[in-house]
There are 2 protein chains.
Amino acid sequence: MRHYRIPDETVKRLPVYLRGAVLLLKDGKKSLSSGELAGFIGASPAQIRKDFSYFGAFGTRGVGYDTPKLIKQISKILKLNKRHKAVLVGIGNLGTAIMVYTGFSIYGFSIEAAFDNDAKKIGKKINGITIEDIAKLRTIRAKKIQIAILAVTSGQAQRVAESLVNNGIKGILNFSPCRLEVPKNIKVISIDIALDMARLPYYMPKT
Amino acid sequence: MRHYRIPDETVKRLPVYLRGAVLLLKDGKKSLSSGELAGFIGASPAQIRKDFSYFGAFGTRGVGYDTPKLIKQISKILKLNKRHKAVLVGIGNLGTAIMVYTGFSIYGFSIEAAFDNDAKKIGKKINGITIEDIAKLRTIRAKKIQIAILAVTSGQAQRVAESLVNNGIKGILNFSPCRLEVPKNIKVISIDIALDMARLPYYMPKT
DNA sequence: AAGCTTTTGTGAATGAGAACACAAGGTTAA
DNA sequence: TTAACCTTGTGTTCTCATTCACAAAAGCTT
Ligand SMILES: NC(=O)c1ccc[n+]([C@@H]2O[C@H](COP(=O)([O-])OP(=O)(O)OC[C@H]3O[C@@H](n4cnc5c(N)ncnc54)[C@H](O)[C@@H]3O)[C@@H](O)[C@H]2O)c1
Ligand SMILES: NC(=O)c1ccc[n+]([C@@H]2O[C@H](COP(=O)([O-])OP(=O)(O)OC[C@H]3O[C@@H](n4cnc5c(N)ncnc54)[C@H](O)[C@@H]3O)[C@@H](O)[C@H]2O)c1
């Protein structure tokens with residue numbers, strides 16, 4: 001617990017550990033060793049312990065980790081210990097799928113607002129949320145929403161991202177296959193599905 | 001051109017370079033320097049040249065790269081120089097979005113078959129493809145499909161993955177938040193949207 | 001309470017990837 | 001042809017991440 005820089009790679013793994021711990025707790029495991037967790041998620045025990053060590057020592061030697069306590073610790077590190085409101089922009093094919101997806105809630109995310117610019121979509125209600133006109137985006141500030149999921153057409157992504165930032169958004173999950181230019185205190189995480197898929201043939205055997 | 005192991009990180013970047021080159025060619029750039037490409041996609045020129053160097057020398061000193069030739073070269077390395085047929089399994093919310101998504105085609109992928117196990121969905125036609133009963137999955141072998149996109153419920157992902165492998169699939173793009181156990185000659189690339197999103201709060205400023 | 005067992009936490013060693021820096025090779029112009 | 005000028009390709013260096021390996025700490029047993 002006297003390290004300075006925390007590797008990005010470590011931060012990427014923490015959510016994996018968190019989900020593993022949550023699932024194992026649900027399975028009745030009140031206590032957990034680095035070896036058990038490693039086996040469950042497919043990692044090495046040393047890696048797990050090293051990653052944790054950047055943030056302090058929260059296990060018990062000879063025993064392992066208290067599962068609920070571990071979950072709390074990782075959640076706290078990732079700032080997932082309180083719920084996060086998110087806004088979804090672009091309620092097209094992908095946006096609609098995301099809107100009804102329940103998998104975000106285990107990390108404490110909830111979609112609290114949805115926007116589009118298509119008149120045919122505005123006013124429609126999906127999963128309890130009414131789709132609003134993008135022109136009214138500024139209302140997200142009053143709702144204290146700081147996270148956005150961006151699923152608009154690629155060509156619109158940059159300008160919408162800028163609007164989002166201007167309205168108080170601090171983090172963006174971007175699905176468009178393009179680079180977003182944002183102030184450097186804003187975090188963008190991009191998921192580019194086709195890009196990932198493009199690697200598949202490289203690894204596939206000849207025949 | 002006498003390197004042995006090619007870093008995975010390099011393979012991850014190649015599709016980015018490829019798309020960059022394609023877009024710049026469309027923009028009229030018949031020739032390209034590593035610096036120009038780097039600026040366009042947000043990378044370093046040295047990184048780009050080093051990555052290319054693993055596969056040989058296909059630029060011209062003092063000039064740069066011939067864009068169409070570069071595109072051909074990268075495509076060939078990634079085995080994207082011929083079209084790849086893909087099967088989509090699980091035509092739920094996400095599966096439907098993927099089915100109508102056009103972004104795969106620039107890399108040469110086309111979805112040629114779709115399967116579900118929900119009687120209400122079987123027989124429906126989306127984007128020219130009829131959704132078939134998962135029980136008929138074996139037909140993909142005759143169609144020589146080797147790539148699968150897996151968008152079924154998490155609990156079903158493992159068993160469906162096994163079926164896919166048993167029917168000749170060599171590469172799987174998996175959207176379920178779970179680890180798939182497959183023979184090691186089968187390549188799985190997983191996209192876990194909630195997991196990526198879970199990192200966002202960590203990087204967001206306090207206030 | 002002493003010894004045995006287990007598993008953590010972490011320095012040290014190893015390994016891998018990114019950045020640097022420049023010679024090699026090619027173009028252009030005169 | 002020669003000189004000035006670019007940009008590639010790559011050996012070297014440096015930085016960062018993973019793995020190793022073990023002392024330290026806790027529980028359990030007798
Ligand atoms: N569908 C997929 O499976 C998939 C996969 C990977 C990436 N993507 C990417 O995700 C994005 C969305 O894909 P999609 O398939 O849902 O496209 P889509 O065309 O179905 O949806 C885009 C939505 O954004 C809305 N929109 C456009 N401009 C807007 C603006 N300025 N303000 C507010 N709303 C706006 C449109 O009205 C539409 O509802 C695209 O960038 C696409 O490349 C999609
Ligand atoms: N919707 C999203 O935005 C989203 C985001 C991230 C991850 N995911 C993941 O993607 C997967 C699909 O998500 P979804 O939202 O589309 O779920 P969904 O329930 O809408 O769709 C699942 C589909 O799979 C089909 N299916 C189930 N078992 C099957 C089987 N054995 N054989 C064939 N088909 C089968 C179902 O009939 C259904 O049509 C899930 O694992 C989910 O966790 C979804």
Side-chain angles (χ1 to χ4, degrees), chain A residues 1-17 20-21 24 29-74 77 199 202-203, chain B residues 1-17 20-21 24 29-74 77 199 202-203:
Chain A
M1 184 37 169
R2 84 214 67 75
H3 289 84
Y4 316 110
R5 214 190 78 84
I6 284 136
D8 265 14
E9 297 303 311
T10 292
V11 179
K12 272 193 193 147
R13 284 185 294 263
L14 290 176
V16 183
Y17 302 157
L24 287 167
K29 289 213 74 70
K30 305 285 285 174
S31 176
L32 212 52
S33 74
S34 60
E36 288 172 306
L37 183 57
F40 185 71
I41 63 173
S44 87
Q47 180 82 82
I48 291 178
R49 293 201 302 277
K50 178 62 102 178
D51 283 340
F52 289 169
S53 81
Y54 291 117
F55 303 97
F58 33 90
T60 309
R61 295 179 189 218
V63 176
Y65 304 90
D66 177 73
T67 315
K69 190 175 157 197
L70 183 64
I71 291 169
K72 271 206 200 76
Q73 295 274 17
I74 303 176
I77 294 165
R199 269 181 305 140
Y202 177 86
Y203 292 103
Chain B
M1 186 37 170
R2 84 214 66 78
H3 290 86
Y4 316 108
R5 214 191 79 85
I6 284 138
D8 266 13
E9 298 302 313
T10 292
V11 179
K12 272 192 194 147
R13 284 186 293 264
L14 290 177
V16 182
Y17 302 157
L24 286 168
K29 288 211 75 69
K30 304 287 285 173
S31 176
L32 212 52
S33 74
S34 60
E36 287 171 307
L37 183 57
F40 185 70
I41 63 174
S44 86
Q47 179 80 81
I48 291 178
R49 292 200 303 274
K50 177 65 103 175
D51 284 339
F52 289 168
S53 81
Y54 291 118
F55 303 97
F58 32 91
T60 309
R61 297 185 189 210
V63 177
Y65 304 90
D66 176 74
T67 316
K69 189 175 159 197
L70 183 65
I71 291 169
K72 273 207 198 78
Q73 294 274 17
I74 304 176
I77 294 166
R199 271 181 303 140
Y202 177 87
Y203 292 102

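Order of the sequence lines sets the chain letters (A, B, ...), proteins ahead of strands, with each chain counted from 1. Hydrogens, waters and symmetry mates are skipped; everything else that's a heavy atom, side chains included, is used.
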**OP:** Report yes if at least one side-chain N or O of A/Arg5 is closer than 4.0 Å to OP1 or OP2 of D/dA17; otherwise report no.
**Re:** yes
**OP:** Would you kindly compare A/Gln47 and B/Val63 by the position of their nearest DNA chain D nucleotide and give the one closer to the 5′ end?
**Re:** B/Val63
Original post:
Nearest-Å distance, CD (B/Gln73) to P (D/dT8)?
Top reply: 15 Å
Subject >> D/dA24 OP1/OP2 closer than 4.0 Å to side-chain N/O of A/Arg61 >> reply: no
Original post:
Can you tell me how far C1' of D/dT7 sits from CG of B/Leu70, to the nearest Å?
Top reply: 14 Å
**OP:** Looking at every strand, decide which applies to A/Tyr65 at a 4.0 Å heavy-atom threshold: base, sugar-phosphate, or nothing.
**Re:** sugar-phosphate
Subject >> For atom CZ of B/Phe58 and atom P of D/dT8, their distance in whole Å >> reply: 12 Å
Subject >> Minimum-distance pair of heavy atoms, taken over all atoms of A/Leu70 and A/Ala21 >> reply: CD2-CB, 4.3 Å
Subject >> Gap between atoms NZ and C1', on A/Lys50 and C/dG11 respectively (whole Å) >> reply: 7 Å
Subject >> Interatomic distance where CG belongs to B/Leu32 and P belongs to D/dT8 [whole Å] >> reply: 9 Å
Original post:
Starting at the 5' end of DNA chain D, which residue's closest nucleotide do you reach first, A/Arg49 or B/Ala46?
Top reply: B/Ala46
Original post:
Does a side-chain N or O from A/Thr60 land closer than 4.0 Å to OP1 or OP2 of D/dA26, or not?
Top reply: no
**OP:** Would you name the heavy atoms of B/Ser44 and B/Ala38 that are closest together and state the gap between them?
**Re:** C-CB, 3.8 Å
**OP:** Show the numbers, then the answer: is there a side-chain contact (heavy atoms from CB on, under 4.5 Å) between B/Tyr203 and A/Asp8?
**Re:** CA-CA 10 Å; B/Tyr203 292 102; A/Asp8 265 14; 2.9 Å; yes
Original post:
If you look at every strand shown and take non-hydrogen atoms under 4.0 Å, does B/Thr10 touch a base, only sugar-phosphate, or nothing?
Top reply: nothing
Original post:
What heavy-atom pair brings A/Pro68 and A/Lys30 nearest, and what distance separates the two atoms?
Top reply: CD-O, 3.7 Å
**OP:** Tell me whether the OP1 or OP2 atom of D/dT19 has a side-chain N or O from A/Ser44 closer than 4.0 Å.
**Re:** yes
Original post:
CD of A/Glu9 versus P of D/dT15: gap in Å, rounded?
Top reply: 19 Å
**OP:** List the steps, then state whether side-chain contact (heavy atoms from CB on, under 4.5 Å) holds for B/Ile74 with B/Phe52.
**Re:** CA-CA 9 Å; B/Ile74 304 176; B/Phe52 289 168; 4.0 Å; yes
Original post:
Does A/Arg13 place a side-chain N or O at less than 4.0 Å from the phosphate oxygens OP1/OP2 of D/dA17?
Top reply: no
**OP:** Can you tell me the distance, in whole Å, between the CG atom of B/Asp66 and the P atom of D/dT8?
**Re:** 13 Å
**OP:** In whole angstrom, give the distance that lies between atom OH of B/Tyr17 and atom P of D/dT8.
**Re:** 13 Å
